[in-house]
Amino acid sequence: MSAIKFEITHVCKQSGARCGILHTPHGDVETPMFMPVGTLATVKYVSPEELKAIGAGVILSNTYHLWLRPGEDIVAEAGGVQKFMNYNGPMLTDSGGFQVFSLADSRKIHEEGVTFKSHLDGSTLFLSPEKSIQIQNKIGADFIMSFDECAPYPSTYDYMKNSVERTLRWAKRGKEAHQRPEEQALFGIVQGGEFEDLRKLCAETLAEMDFPGYSIGGTSVGESKETMYKMIDYSVKYLPWEKPRYLMGVGSVDAILEGIARNVDMFDCVLPTRIARHGTLMTSQGRVNIKRKEYERDFTPLDPECDCPTCRNYTKAYLRHLNKCGEGLGARLMSIHNLRFLLKLSEDARKAIKEDRFGDFKNEMFKKYGLNSVDSRGF
RNA sequence: GCGAUUGUGGUGUAGCGGUUAACACAGCGGGUUGUGGUCCCGUCAUGCGUGGGUUCGAAUCCCAUCAGUCGCC
């Protein structure tokens, strides 16, 4: 018995995009959905109550970071990450595979696992598939991830082939080490870069292992949008229809819409919260850099079409002022807005799918934001 | 009034005979995709109080002048 149940409720007659419901131990959520990232058991500057209020479903946390601080035992002692941070909803932890990739200084990848340096004190750390799952079992998120290698882009075919094969062996080891399959859904991660046969090999082998869901990894690492969409195609094509798919680390408007069109159900990204902290906002009018002088005396809302607390109560001039002064409230109000923007985009996409007009919806959004379908900056 | 001392971008400073006048902050513009990072990148003084002079060459030396600061009358 799996921890989650995925129910596909409708397939758009116009586009073939799908929507559904994910039943989790901490409640039901609708797909396709965007999932805010809260690396250290906190979505930076935003409280769990605020996340709920703007319609967040699943939120992420991170194995590597919680392992280092405060330590998985403390999170377990608190009653799991949901109780620890008081988030009354489903959560997902990334395995730490991406951190090994992004904190790449002097890392060594072996069959057994990865040796690398702590970003906090430089000490040597070791993470393996078993260790990652063991930590995730203690952290207690509803969705947990296999420990994979997120290979750099571009990688040679030979490197990627070896990497994928190892990632598959790691997936098997992680699955065997998983102690709580009835409470936590472990996803396998499809790698393989831009090579179709490697994506196919990876997806099909994972499918044989029968995971409750599948992630698509190795995207948003420097490749073009066109290449990213191919990577998605080459992965989704070989995955079982009835299981949820999660495109890791993708959060620009265009890529989310292209992902939904390709039957991806879950997305996460630090983009909305990171750019918000630095003053860039996703709005119905396109990208807004709140630092610009033109907003100095602009006493209108950030986005007139947005229903978030920031847009209902504050002006661009004030947000600009907070950002210029480095005040935390600015980061907070703008993070809330950007998250609401992507959560609303998910809601609108689901509605369009249910009404069999997702194709039109996607085209309208691209037109509205001045995006092109293959290679654009997005937001 | 006399003496000393200091005048370099919006700000604080570095440079003390040959630099593309350096650095930081502020300003302006851009970036950010399974979050190490309130972070990264670009741009910003045709000019060193002003006027002369010395020198191949002056922000740097000399003279005058103006302004500030500190003493003494």
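Everything quoted here is computed from the prediction, not taken from an experiment. These numbers come from the heavy atoms of this one structure, side chains and all, not from hydrogens, waters or symmetry mates. Convention: sequence-line order gives letters A, B, ...; per-chain numbering from 1.
When each of B/G36, B/G29, B/U33 is scored by its nearest atom to the side-chain atoms of A/R292, the top-ranked nucleotide is B/G29. Considering only side-chain atoms of A/H278, the nucleotide from B/U33, B/C28, B/U38 that sits closest is B/U38. Comparing B/U33, B/G34, B/C28 against the side chain of A/L60 picks out B/G34 as the nearest. Nearest to the side chain of A/D94, among B/G34, B/G29, B/U38, sits B/G34.
Relative orientation of the A/Y369 and A/F341 rings is perpendicular, given thresholds of 30° and 60° on the angle between their planes.
Taking atom C1' in both B/U8 and B/G47, one finds a spacing of 9 Å when rounded to whole Å. Rounded to a whole angstrom, the distance from the C1' atom of B/U6 to that of B/C48 is 14 Å. Nucleotides B/A26 and B/G12 have their P atoms positioned 15 Å apart, rounded to a whole Å. B/C40 and B/U33 have their P atoms separated by 15 Å, with the value rounded to a whole Å. Taking the C1' atom of each, B/U60 and B/C28 are spaced 32 Å apart, rounded to whole Å. Taking the P atom of each, B/G27 and B/U11 are spaced 15 Å apart, rounded to whole Å. Separating the C1' atom of B/G15 from that of B/A21 is a span of 8 Å, rounded to the nearest Å. Rounded to whole Å, the C1' atom of B/U46 lies 13 Å from the corresponding atom of B/G9.
For A/S102 and B/U35, a side-chain-to-base donor-acceptor distance below 3.5 Å is absent, hydrogens and geometry of angles not being considered.
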Query raised in the report: Can you list the steps and then say if A/Q136 with A/T93 is a side-chain hydrogen bond (donor to acceptor under 3.5 Å, both in side chains)?
Result: CA-CA 7 Å; A/Q136 294 188 79; A/T93 43; 2.8 Å; yes
Requested in this report: Please step through side chain to side chain contact (heavy atoms under 4.5 Å, CB included) for the pair A/C19 and A/E30, ending with a clear verdict.
Outcome: CA-CA 7 Å; A/C19 62; A/E30 287 191 72; over 6 Å; no
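Nucleotide B/G37: unpaired (no Watson-Crick or G-U wobble partner with both distances less than 3.5 Å). Using Watson-Crick or G-U wobble geometry with both donor-acceptor distances under 3.5 Å, B/A22 finds its partner in B/U13. Using N1 to N3 plus N6-O4 or O6-N4 for Watson-Crick, or N1-O2 and O6-N3 for G-U wobble, each under 3.5 Å, B/C2 pairs with B/G71. With a cut-off of 3.5 Å on both Watson-Crick or G-U wobble distances, the partner of B/U65 is given as B/G49. The nucleotide B/U43 finds its pairing partner in B/G27, both defining distances of the Watson-Crick or G-U wobble pair being shorter than 3.5 Å.
Between A/K324 and B/C28, a side-chain N or O to OP1/OP2 separation shorter than 4.0 Å is present. Distances shorter than 4.0 Å separate none of the side-chain N or O atoms of A/Q99 from OP1 or OP2 on B/G34. Residue A/N289 places at least one side-chain N or O under 4.0 Å from the OP1 or OP2 atom of B/G30. Residue A/N62 places at least one side-chain N or O closer than 4.0 Å to OP1 or OP2 of B/U35. A/K44 has a side-chain polar atom (N or O) that falls below the 4.0 Å cut-off from OP1 or OP2 of B/G37. Between B/U38 and A/R277, a contact under 4.0 Å exists linking OP1 or OP2 to a side-chain N or O. Between A/T39 and the phosphate of B/U35, there is a side-chain N or O to OP1/OP2 separation shorter than 4.0 Å.
At the heavy-atom level, A/Q191 lies under 4.0 Å from base atoms of the strands shown. Among the heavy atoms of the strands lying under 4.0 Å from A/G251 is at least one base atom, whether or not backbone atoms are also near. In this structure, A/T273 reaches the bases: a heavy-atom distance under 4.0 Å links it to at least one base atom across the strands shown. A/Y45 comes within contact range of at least one nucleobase, with a heavy-atom separation under 4.0 Å. Within the nucleic acid shown, A/R320 comes within 4.0 Å of sugar-phosphate atoms alone, with no base atom in reach, counting heavy atoms only. Within the 4.0 angstrom heavy-atom criterion, base atoms lie near A/D148. Within 4.0 Å of A/I189, counting heavy atoms only, lies at least one base atom of the nucleic acid.
As rounded to whole Å, 11 Å separates atom P of B/U35 from atom CZ of A/F101. Look at CG on A/L322: it is 17 Å from P on B/U38, rounded to the nearest Å. For A/Y64 and B/G36, the OH to P distance is 8 Å, given to the nearest whole Å. With rounding to whole Å, A/I275 atom CD1 is found 13 Å from B/U35 atom C1'. The distance from atom NZ of A/K291 to atom C1' of B/G30 is 8 Å, rounded to the nearest whole Å. Residue A/L66 contributes atom CG, which lies 13 Å from atom C1' of B/U35 at whole-angstrom precision. Here B/U33 presents its C1' atom at 9 Å from CZ of A/F34, a figure rounded to the nearest Å. The interatomic distance linking A/L125 (CG) with B/G36 (P) rounds to 14 Å, in whole Å.
The aromatic ring centres of A/F116 and A/Y64 sit less than 6.0 Å apart. Ring-centre distance between A/Y214 and A/F187: not below the 6.0 Å cut-off.
Remark: side-chain polar atoms of A/H65 are not paired, donor with acceptor, to backbone N or O of A/P70 under 3.5 angstrom.
When A/R18, A/K243, A/R245 are each tested for a side-chain hydrogen bond (donor to acceptor under 3.5 Å, both in side chains) with A/D265, only one passes: A/R18.
Heavy atoms from other residues, nucleotides or ligands lying under 6.0 Å from NZ of A/K351 number 12 at most.
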